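Since the structure comes first, as structure tokens, the remarks are kept for the end.
Counting from 1, the numbers follow the sequence of the chain as shown. What you see is a predicted model, and the numbers here were worked out from it, not measured in a lab.
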Amino acid sequence: MNQWYTDYAEYLQRFFPGVKVQKISVNIGAGCPNRDGTIGHGGCIYCNNTSFTPSYCFDVKGVSEQLEAGKRFFARKYPAMQYLAYFQSYTNTYRMDAAELERIYREALSTKGVVGLIIGTRPDCIPPEVVEMLSRLNQERPVFVELGVETLCDETLRLINRGHDSDRSREAIRTLAAAGLHVGVHLIAGLPGEDEERVMQTVSEICSLPVESIKLHHLQVLRDTPLHHMWVEKSVNITPYDPERYLELCRRIVKTVPRHIAIERFLASAPPALVVAPKWGLKNYEFTNLLINKLKEHE
């Protein structure tokens, strides 16, 4: 807990007071409509999904098996904790009907120690029957829906091949919140053509919507993505953040985001071998410590 913003651990204490809770990623092979031709091919230009999927998601196949593998992985450091099943990879409300998704989510909730769900998805992949199903589950255990919003600038969304516009994001946030679900959004700073003021416009508007948490990171050029090829060809206009510039942006964001909205993170954690630019060599906690020091300097 700190005096400047609500971090994710503090946020989770609202739901699980006095309990240490750890996410365990689960991969159900959900796919993405922006890759399989439903709305587009190739996905978002920056996306390399393997960059944030833990190895235990590939070593075993079933939901329960992945959760048990994750529990073994984390138990080495934290023997006494509870878990959130984090359906992270790709779009986890896509390509399956509500009944099949409910079966999968209930399998996760039946795993010993799992106290809630986090569902990563897109704003354009939450049909009414899925929202209704998630709302019912949320009455039993907390259900957090993490939406990939990235930006509320339509020009940028087109450029990054996102496949939906900003109104779809606004609508999805309001729909999920109205159903009683706990809405978090993912945002990226430094997308092509966006400066700090454009990022701040998105953050400010997001804070006016019924969201409970924000996941933020700076744009990274990851190997073998369309963005990587555009970077090599110099056909894209981006200036990767250096740590000092990004620290100043995050300081401004912290000052803007009200305390009822948690800031889950400021950095992504792609494997270093996949990162083409920028290469900082900073871990999440190291960057957070630098940010806290910067906030202290500006008191």
Give every residue pair that meets the salt bridge (charged side-chain N to carboxylate O under 4.0 Å, His left out) criterion with at least one member in residues 114-125, sequence neighbours excluded. R122-D124
As a test of understanding, state which of W280, Y241, F287 forms a ring-ring contact (aromatic ring centres under 6.0 Å, His included) with H218. W280
Between the side chain of Q22 and the main-chain N/O of L84, is any donor-acceptor distance below 3.5 Å? no
With no hydrogens and no angle check, is any side-chain donor or acceptor of S204 less than 3.5 Å from a backbone partner on Q201? no
Has E146 got a side-chain atom pairing as donor or acceptor with I118's backbone, closer than 3.5 angstrom? no
To the nearest 0.5 Å, how far apart are OG1 in T202 and CD1 in I253? 10.0 Å
Evaluate E264 against Y11 for side-chain hydrogen bond (donor to acceptor under 3.5 Å, both in side chains), listing each step before the verdict. CA-CA 9 Å; E264 181 173 353; Y11 169 68; over 6 Å; no
Determine, using ring centers only, whether F144 and Y8 are less than 6.0 Å apart. no
Determine, using the 4.5 Å side-chain heavy-atom cutoff (strictly less than), whether L191 and F266 are members of one ILVMFWY cluster. no
Please name all residues satisfying salt bridge (charged side-chain N to carboxylate O under 4.0 Å, His left out) with E196, sequence neighbours left out, ordered by chain then number. R245
Could you tell me whether a side-chain N or O of R223 sits under 3.5 Å from a main-chain N or O of A273, the two making a donor and an acceptor? yes
Can you check whether L134 reaches V131 side chain to side chain, under 4.5 Å on heavy atoms? no
Do the two ring centres, one from Y105 and one from F87, sit under 6.0 Å apart? yes
With sequence neighbours left out, write down each residue that passes side chain to side chain donor-acceptor pair (under 3.5 Å) with D167, or none if nothing qualifies. R170
Could you check whether any side-chain heavy atom of L282 comes within less than 4.5 Å of a side-chain heavy atom of P243, counting everything from C-beta outward? yes
Shared hydrophobic cluster for V19 and F74 (ILVMFWY, side-chain gaps under 4.5 Å): no
Could you work out, with side chain to side chain donor-acceptor pair (under 3.5 Å) as the rule, every residue matching S169, not counting sequence neighbours? none
Between N138 (side chain only) and G180 (backbone N and O only), is there a donor and an acceptor less than 3.5 Å apart? yes
Assess, by modelled atom type and distance only, whether the side chains of Q139 and R136 contain a donor and an acceptor separated by less than 3.5 Å. no
Exam field: side chain R141 to backbone V114, donor-acceptor pair closer than 3.5 Å: yes
Is there a path of hydrophobic side-chain contacts, each under 4.5 Å between heavy atoms, that joins V145 and I104? yes
Less than 4.5 Å apart, any side-chain heavy atom of M96 and any of R103? no
Does T111 use its side chain to pair, donor to acceptor, with the backbone of E107 at less than 3.5 Å? yes
Are I24 and V63 connected, step by step, through hydrophobic side chains (Ile, Leu, Val, Met, Phe, Trp, Tyr) whose heavy atoms are closer than 4.5 Å? yes
Which distance, rounded to the nearest 0.5 Å, do you find between the CD of E150 and the NE2 of H217? 7.0 Å
Report yes or no: does R158 contribute a side-chain atom to a donor-acceptor pair with the main-chain N or O of D165 at less than 3.5 Å? no
Could you tell me whether R252 and E197 have a side-chain N and a carboxylate O separated by less than 4.0 Å? yes
Please tell me whether I261 and L295 are part of a single hydrophobic cluster in this structure, the criterion being side-chain heavy atoms less than 4.5 Å apart. yes
Determine whether a donor-acceptor pair (N or O, by modelled atom type, separation under 3.5 Å) exists between the side chain of N92 and the backbone of G120. yes
Would you find a donor on one side and an acceptor on the other, under 3.5 Å apart, between the side chain of T93 and the backbone of C125? yes
Can a side-chain donor-acceptor contact be found between S25 and Q88 if the only test is distance below 3.5 angstrom? yes
Pair E212-R14, salt bridge (Lys or Arg N to Asp or Glu O under 4.0 Å): steps then yes or no: CA-CA 11 Å; E212 294 186 5; R14 300 175 190 173; 5.4 Å; no
Applying salt bridge (charged side-chain N to carboxylate O under 4.0 Å, His left out), can you list everything that pairs with E68, at least two apart in sequence or on another chain? K71
Partner set under side chain to side chain donor-acceptor pair (under 3.5 Å) for R265, not counting sequence neighbours: H186
